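Structure record follows, encoded as structure tokens.
This structure is a prediction, so every number in the text was calculated from the model and none was measured.
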Amino acid sequence: MQSLQEKASEWSGVQTAHAFAIDDNNLFHKLGLQTFVNLSTNFYNRVYDDEEEWFRSIFANSEKENAIQNQYEFFVQRMGGPPLYSQRRGHPALIARHRPFPVTHQAAERWIHHMQQALDSTSDIDDDSKTKLMNFFRHTAYFLVAGVELKNQNMPCKDAAGNHPCKNF
């Protein structure tokens, strides 16, 4: 059985090493808090204005301001900054937190579309950082698809090494 990371790589087209190139340097230090706030704001402005009702409905039960804060705090923490997300909400547990939503291949592609537009319209992000971020985002979107599918099939969420990747993100 493929691990969640292997499925994410296969479905996203992004090798795990490229997805985690964000760990090669501290993007929070390089880009700063405001850049991640702006990126998340740009992203959610697009999401909440999406012309596809099925996609907007995924976010219907969350307040845009809360969604923005959750996302930028997670990004800051994941990109080498202070643990803002964990301090406020606990462990990110992305798969568990996204399980109630229809996290499908189609939804992942729509999410990626909006994130690419948000990256392109957020100033102060150099091309190398955009590439690293987009690789991470694309891989993570499909990691969530794989994890939610696995959890919905009531299968144990373990990788080949016996780790629990549904909790680790």
Side-chain angles (χ1 to χ4, degrees), residues 1-14 16 18-20 22 36-79 81 83-122 130 132-159 163-169:
M1 183 162 115
Q2 277 184 310
S3 74
L4 294 180
Q5 294 294 351
E6 290 167 338
K7 279 190 176 192
S9 291
E10 177 186 332
W11 292 344
S12 70
V14 178
T16 304
H18 292 144
F20 295 105
I22 60 165
F36 289 106
V37 171
N38 294 344
L39 175 62
S40 296
T41 301
N42 288 340
F43 172 76
Y44 276 108
N45 284 339
R46 285 170 170 68
V47 164
Y48 279 85
D49 289 340
D50 190 285
E51 65 270 6
E52 299 288 339
E53 194 282 326
W54 70 266
F55 187 73
R56 280 192 324 271
S57 71
I58 296 171
F59 304 89
N61 291 327
S62 55
E63 304 254 343
K64 182 163 69 167
E65 293 75 23
N66 290 339
I68 291 168
Q69 183 179 8
N70 289 339
Q71 187 179 71
Y72 81 71
E73 285 182 352
F74 172 74
F75 288 169
V76 163
Q77 179 172 319
R78 185 60 187 86
M79 302 304 156
L84 301 177
Y85 186 91
S86 291
Q87 288 172 346
R88 191 171 59 84
R89 306 244 2 224
H91 192 286
L94 288 184
I95 291 172
R97 290 186 192 273
H98 288 83
R99 185 177 186 182
F101 306 105
V103 181
T104 63
H105 289 259
Q106 183 183 19
E109 283 301 319
R110 196 80 184 149
W111 189 96
I112 291 163
H113 165 76
H114 287 300
M115 185 52 77
Q116 182 66 63
Q117 288 186 329
L119 272 169
D120 290 343
S121 66
T122 302
K130 281 182 185 179
K132 286 178 179 173
L133 287 167
M134 199 62 223
N135 283 339
F136 173 74
F137 296 149
R138 176 170 277 286
H139 188 273
T140 300
Y142 280 99
F143 177 83
L144 288 174
V145 172
V148 169
E149 283 184 6
L150 189 65
K151 279 196 146 199
N152 287 341
Q153 294 169 4
N154 291 320
M155 296 179 75
C157 188
K158 291 183 181 179
D159 63 16
N163 298 317
H164 296 273
C166 295
K167 296 179 187 176
N168 292 341
F169 233 87

> Taking all atoms of both residues into account, what is the closest heavy-atom pair of Trp111 and Phe59, and its distance?
Replying inline: CD1-CZ, 4.5 Å
> Between Phe143 and Leu94, does a side chain to side chain contact (heavy atoms under 4.5 Å, CB included) hold up when you go through it step by step?
Replying inline: CA-CA 9 Å; Phe143 177 83; Leu94 288 184; 5.7 Å; no
> What residue among Phe137, Phe136, Phe43 forms ring pair (Phe, Tyr, Trp, His ring centres under 6.0 Å) with Phe75?
Replying inline: Phe137
>> Please check: side-chain N/O of Ser57 versus main-chain N/O of Trp54, any donor-acceptor pairing under 3.5 Å?
In response: yes
> Where do Gln5 and Phe20 land on the side chain to side chain contact (heavy atoms under 4.5 Å, CB included) test, with the steps shown first?
Replying inline: CA-CA 11 Å; Gln5 294 294 351; Phe20 295 105; 3.8 Å; yes
> With no hydrogens and no angle check, is any side-chain donor or acceptor of His18 less than 3.5 Å from a backbone partner on Val14?
Replying inline: no
>> The test is side chain to side chain contact (heavy atoms under 4.5 Å, CB included); show your working for His113 and Glu109 and say whether it passes.
In response: CA-CA 6 Å; His113 165 76; Glu109 283 301 319; over 6 Å; no
> Looking at CG of Leu133 and CZ of Arg78, how far apart are the two atoms once the value is rounded to the nearest 0.5 Å?
Replying inline: 11.0 Å
>> Check whether Ser121 reaches the backbone of Ala118 with its side chain - one donor and one acceptor, N or O, closer than 3.5 Å.
In response: yes
> Do the rings of Tyr142 and His105 sit parallel, tilted or perpendicular, given the 30° and 60° boundaries?
Replying inline: tilted
> What residues form a side-chain hydrogen bond (donor to acceptor under 3.5 Å, both in side chains) with Ser62, not counting sequence neighbours?
Replying inline: Tyr48
>> To the closest 0.5 Å, what do you measure between CH2 (Trp11) and NE2 (His139)?
In response: 11.5 Å
> Given side chains that start at C-beta, do those of Leu4 and Ile95 come closer than 4.5 Å, heavy atoms only?
Replying inline: yes
> What salt bridge (Lys or Arg N to Asp or Glu O under 4.0 Å) pairs are there with at least one residue in residues 37-52, not counting sequence neighbours?
Replying inline: Asp50-Arg110, Glu51-Arg110
> If you look only at pairs with a residue in residues 54-74, which of them pass as a salt bridge (Lys or Arg N to Asp or Glu O under 4.0 Å), with sequence neighbours excluded?
Replying inline: Glu73-Arg88
>> Rounded at 0.5 Å granularity, tell me how far CG in Asn135 sits from CD1 in Ile22.
In response: 10.0 Å
>> I need the Phe36 CZ to Leu84 CG distance, nearest 0.5 Å.
In response: 11.5 Å
>> Please give me the minimum heavy-atom distance between Pro92 and Ser86, naming the atom from each residue.
In response: CD-OG, 3.8 Å
> So do the side chains of Leu39 and Met115 get within less than 4.5 Å of each other, counting heavy atoms only?
Replying inline: yes
>> Let's go through Val145 and Lys7 carefully: what are the C-alpha distance in whole Å and the side-chain angles of both, what is the deciding distance for side chain to side chain contact (heavy atoms under 4.5 Å, CB included) to 0.1 Å, and is it a yes or a no?
In response: CA-CA 9 Å; Val145 172; Lys7 279 190 176 192; over 6 Å; no
> Could you give the distance from CD (Glu149) to OG1 (Thr104), rounded to the nearest 0.5 Å?
Replying inline: 8.5 Å
> Would you say Met134 and Ile112 make side-chain contact, with heavy atoms under 4.5 Å?
Replying inline: yes
>> Heavy-atom count check: over 12 atoms from other residues, nucleotides or ligands less than 6.0 Å from Asn66 CG?
In response: yes
